[in-house]
There are 2 protein chains.
Amino acid sequence: MATGRTHRPATRSRGIPEATVARLPLYLRALTALSERSVPTVSSEELAAAAGVNSAKLRKDFSYLGSYGTRGVGYDVEYLVYQISRELGLTQDWPVVIVGIGNLGAALANYGGFASRGFRVAALIDADPALTGKPVAGIPVQHADELEKIIRDNGVSIGVISTPAGAAQQVCDRLVAAGVTSILNFAPTVLTVPDGVDVRKVDLSIELQILAFHEQRKAGEEAVGKGPLPQTAAGRDESADQGPDGDVPAVMPA
Amino acid sequence: MATGRTHRPATRSRGIPEATVARLPLYLRALTALSERSVPTVSSEELAAAAGVNSAKLRKDFSYLGSYGTRGVGYDVEYLVYQISRELGLTQDWPVVIVGIGNLGAALANYGGFASRGFRVAALIDADPALTGKPVAGIPVQHADELEKIIRDNGVSIGVISTPAGAAQQVCDRLVAAGVTSILNFAPTVLTVPDGVDVRKVDLSIELQILAFHEQRKAGEEAVGKGPLPQTAAGRDESADQGPDGDVPAVMPA
DNA sequence: ATGTCTTTGTGAACGCGTGCACAAAGATAG
DNA sequence: CTATCTTTGTGCACGCGTTCACAAAGACAT
């Protein structure tokens with residue numbers, strides 16, 4: 001089953017490190033808030049605090065974009081908002097389709113942050129005929145048969161998958177075949193895509209499990225006292241009943 | 001405004017690298033699928049393919065847990081499922097509260113993956129009195145006033161925040177004060193928490209912006225041909241109108 | 001114009017994560 | 001019991017990302 005590349009940008013992004021790119025939206029958000037309060041300039045220290053990062057890291061990040069600060073003063077908020085927006089490609093319009101209009105899909109369609117920052121929901125798509133035509137967030141749901149046509153007619157290059165896990169790869173393949181080159185995947189599956197297609201995944205279940213790990217660790221350390229603890233935390237393992245669910249559909253209509 | 005630690009585990013997790021912990025749920029999912037198909041053993045190569053990672057990485061990851069494989073054969077699926085579940089703390093029950101029952105909160109409440117793997121939705125909480133008592137996913141919504149009591153009565157240590165951005169920090173503070181030590185944050189804000197509290201964030205808007213960046217990059221490279229491109233992609237910047245929304249609430253009820 | 005003070009931009013060191021490549025371990029066949 | 005073959009477990013090297021610490025740059029006061 002093909003060891004296809006997964007969820008790592010193929011191209012090394014011409015100089016700007018991936019880690020930096022991932023933080024730019026954070027800076028942008030903080031800067032937008034400042035802009036709304038009509039704050040003219042910020043120091044790296046202040047902005048870093050607002051974005052929840054180290055100030056040295058922030059300065060280095062900005063250094064990849066160019067020298068937009070003034071020594072002794074700080075950064076011009078408006079100018080920086082513009083520069084980051086441009087760098088992220090937010091000065092242009094990005095039509096997006098959402099495939100799979102269950103609970104999660106509907107929530108995404110209603111998401112306010114979509115409309116802002118250049119993203120526009122071009123279409124909602126679902127395989128369930130019962131949903132076809134029904135408006136969600138003011139947009140009528142279209143049937144999956146129309147997928148290819150929708151993509152091409154609207155010049156969509158970004159797709160969001162919020163279908164059950166079982167349908168995700170198939171939907172992904174069709175999106176890619178129709179011309180989509182960036183995918184945001186909410187289904188709990190590993191998607192295989194050709195080179196040149198970016199996949200980012202958001203997986204609630206994984207996030208929770210990571211939290212559980214650290215939570216268990218904390219509980220263990222507390223119980224033992226503070227000394228080095230033996231591989232595993234205290235006792236407490238009840239029995240090995242893992243639920244009979246396996247790869248559950250991400251979020252289902254009912 | 002205190003430079004509080006954010007979303008990095010304070011403690012260095014006793015030997016197991018964070019990157020490895022983040023992959024364990026992935027392996028677990030692949031293994032569970034194999035288990036359901038009654039596959040007795042897997043090689044690192046097969047499992048790695050299923051999980052979408054490098055086989056060497058997978059073997060190194062497992063080596064942190066101990067030596068659970070058999071050379072010349074591979075790994076025992078059932079045994080590995082158990083070991084990883086135990087390591088992640090999934091053999092015990094984790095009561096979870098969801099605060100903010102808008103579209104997203106409702107979607108999360110309905111999420112099948114919650115119930116599985118030891119996570120149990122102990123309560124749904126919202127500040128809107130109109131929602132109080134109304135069942136969502138079969139669970140009646142409780143009013144935010146009850147938050148502290150709910151946390152304590154159920155021994156909740158993991159909280160999910162799906163409120164608008166404006167309310168997130170306040171909710172977070174109350175959760176932490178009531179004893180929650182792990183938070184999954186869906187609101188588009190930087191949360192400040194005391195040491196010892198873990199925060200993980202899921203931010204749709206950020207993911208999209210990262211995709212947009214790479215998308216723009218691809219478009220630029222394609223247009224130029226293939227050679228080194230001058231800092232920014234081709235022309236195409238329309239004008240600097242950034243939407244007037246700023247920190248939009250994550251996902252709103254209406 | 002000169003000096004002081006603030007804040008940026010970055011060189012350099014360090015640590016973590018990744019991937020290669022191979023030796024050790026065990027299964028399996030003869 | 002010996003030989004062969006498969007697959008694990010890991011030493012090692014490399015590259016990315018983070019952080020420190022400081023020199024350069026500019027604002028501002030005198």
Side-chain angles (χ1 to χ4, degrees), chain A residues 3 5-24 26-27 31 34 39-77 79-80 83-84 210 231, chain B residues 3 5-24 26-27 31 34 39-77 79-80 83-84 210 231:
Chain A
T3 317
R5 301 282 299 93
T6 315
H7 111 308
R8 275 292 152 200
T11 331
R12 191 64 197 85
S13 307
R14 206 66 213 125
I16 300 182
E18 189 59 25
T20 295
V21 172
R23 280 188 294 268
L24 290 182
L26 230 51
Y27 302 145
L31 284 164
L34 291 172
V39 178
T41 59
V42 261
S43 67
S44 63
E45 204 69 51
E46 292 168 322
L47 186 53
V53 301
N54 184 297
S55 72
K57 195 186 299 187
L58 178 142
R59 286 197 300 276
K60 179 144 289 192
D61 282 343
F62 285 175
S63 78
Y64 293 116
L65 308 185
S67 293
Y68 297 144
T70 305
R71 297 175 190 228
V73 176
Y75 299 92
D76 182 280
V77 173
Y79 188 56
L80 203 46
Q83 290 299 343
I84 295 180
I210 295 172
Q231 181 76 334
Chain B
T3 318
R5 301 282 300 93
T6 314
H7 110 307
R8 275 293 151 199
T11 331
R12 192 68 196 83
S13 306
R14 206 65 210 132
I16 301 181
E18 188 60 26
T20 295
V21 173
R23 279 187 296 268
L24 289 182
L26 230 50
Y27 302 144
L31 284 164
L34 291 172
V39 177
T41 59
V42 262
S43 68
S44 62
E45 203 70 50
E46 292 169 322
L47 185 53
V53 301
N54 183 297
S55 73
K57 196 187 298 187
L58 178 143
R59 287 198 299 275
K60 181 146 292 190
D61 283 343
F62 286 174
S63 78
Y64 292 116
L65 309 184
S67 294
Y68 296 144
T70 306
R71 298 176 188 227
V73 176
Y75 299 91
D76 182 279
V77 172
Y79 188 56
L80 204 45
Q83 290 299 343
I84 295 180
I210 295 171
Q231 179 77 336

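Every heavy atom of this structure was used, including side-chain atoms; hydrogens, water molecules and symmetry mates were not. Everything quoted here is computed from the prediction, not taken from an experiment. Here is the naming used below: chain letters follow the sequence lines, and residue numbers restart at 1 for every chain.
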**Student:** So, does A:Thr70 get its side chain near the phosphate of D:dG26, meaning an N or O under 4.0 Å from OP1 or OP2?
**Tutor:**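 So the side-chain polar atoms of A:Thr70 never come under 4.0 Å of the phosphate oxygens OP1 or OP2 of D:dG26.
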
**Student:** So, taking the atom named OH in A:Tyr79 and the one named CG in A:Leu31, what distance separates them when rounded to the nearest 0.5 Å?
**Tutor:**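 Between atom OH of A:Tyr79 and atom CG of A:Leu31 there are 13.5 Å.
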
**Student:** Roughly, in whole Å, what's the span from CG in A:Asp61 to C1' in D:dT19?
**Tutor:**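 A:Asp61 atom CG is separated from D:dT19 atom C1' by 12 Å.
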
**Student:** Taking atom P of C:dT7 as reference, at what distance in whole Å does atom CG of A:Leu80 sit?
**Tutor:**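 Atom-to-atom, A:Leu80 to C:dT7, this comes out as 16 Å.
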
**Student:** Which is more 5' along DNA chain C, the nucleotide nearest A:Ala56 or the one nearest A:Val73? Just name the residue.
**Tutor:**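 Of the two residues, A:Val73 wins.
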
**Student:** Would you indicate, yes or no, if D:dT8 has its OP1 or OP2 atom less than 4.0 angstrom from a side-chain nitrogen or oxygen of B:Ser44?
**Tutor:**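 The answer is yes; a side-chain N or O of B:Ser44 sits under 4.0 Å from OP1 or OP2.
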
**Student:** Round to the nearest Å and state the distance from A:Leu47 atom CG to C:dT6 atom P.
**Tutor:**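 That distance rounds to 20 Å.
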
**Student:** Rounded to whole angstrom units, what separation is found between the CZ atom of A:Phe62 and the C1' atom of D:dG17?
**Tutor:**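 For the pair A:Phe62 CZ and D:dG17 C1', the rounded distance is 17 Å.
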
**Student:** Is the distance from OP1 or OP2 of C:dC16 to the nearest side-chain N or O of B:Tyr64 less than 4.0 Å?
**Tutor:**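 For B:Tyr64, the contact criterion (side-chain N or O under 4.0 Å from OP1 or OP2 of C:dC16) is not met.
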
**Student:** With a 4.5 Å limit on heavy-atom distance, are the side chains of A:Leu47 and A:Leu34 in contact?
**Tutor:**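 Heavy-atom side-chain distance check passes, below 4.5 Å.
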
**Student:** Side chain of B:Asn54 only, heavy atoms from C-beta on: which candidate in C:dG19, C:dT10, D:dG17 is closest?
**Tutor:**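 Output: C:dG19.
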
**Student:** Just to confirm, is there a sub-4.0 Å distance from OP1 or OP2 of D:dT19 to any side-chain nitrogen or oxygen of A:Lys57?
**Tutor:**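 Yes, because at least one side-chain N or O of A:Lys57 sits under 4.0 Å from OP1 or OP2 of D:dT19.
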
**Student:** With the side chain of B:Ser67 defined as its heavy atoms from C-beta on, choose the nearest nucleotide among C:dT10, D:dG9, D:dG17.
**Tutor:**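 Among the listed nucleotides, the one closest to the side chain of B:Ser67 is D:dG9.
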
**Student:** In whole Å, what is the span from the CD atom of B:Glu18 to the P atom of C:dG17?
**Tutor:**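 About 8 Å, once rounded to whole Å.
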
**Student:** Atom CZ of A:Arg71 and atom P of D:dG26: how far apart are they, to the nearest Å?
**Tutor:**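 Distance check: A:Arg71 CZ to D:dG26 P gives 7 Å.
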
**Student:** Which part of the nucleic acid, if any, lies within contact of A:Tyr75, taking any heavy atom under 4.0 Å across all strands shown: a base, the sugar-phosphate backbone alone, or nothing?
**Tutor:**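 Sugar-phosphate: the residue A:Tyr75, judged by heavy atoms under 4.0 Å, touches backbone atoms but no base.
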
**Student:** Write down the distance between CZ (A:Arg59) and P (D:dA25), rounded to a whole number of angstrom.
**Tutor:**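 Atom-to-atom, A:Arg59 to D:dA25, this comes out as 16 Å.
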
**Student:** If I take atom CG in residue B:Leu58 and atom P in nucleotide D:dT10, what distance separates them, rounded to the nearest angstrom?
**Tutor:**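 Spelled out: CG on B:Leu58 to P on D:dT10 is 14 Å.
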
**Student:** If you pin A:Thr20 and A:Gly72 to their nearest nucleotides in DNA chain D, which one's is more 5'?
**Tutor:**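 The 5'-side residue here is A:Thr20.
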
**Student:** Does B:Arg23 place a side-chain N or O at less than 4.0 Å from the phosphate oxygens OP1/OP2 of C:dT18?
**Tutor:**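 So the side chain of B:Arg23 is within the cut-off, an N or O lying under 4.0 Å from OP1 or OP2 of C:dT18.
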
**Student:** Tell me which nucleotide among C:dT7, D:dT10, D:dT19 gets nearest to the side chain of A:Lys60.
**Tutor:**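 The listed nucleotide nearest to A:Lys60's side chain is D:dT19.
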
**Student:** In the structure I gave you, are the side-chain heavy atoms of A:Val53 and A:Asp61 within less than 4.5 Å of one another anywhere?
**Tutor:**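 A side-chain contact is absent here, since even the closest heavy-atom pair is not under 4.5 Å.
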
**Student:** Are the aromatic rings of A:Tyr68 and A:Phe62 close, with centres under 6.0 Å apart?
**Tutor:**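 Distance test on ring centres: not under 6.0 Å, no.
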
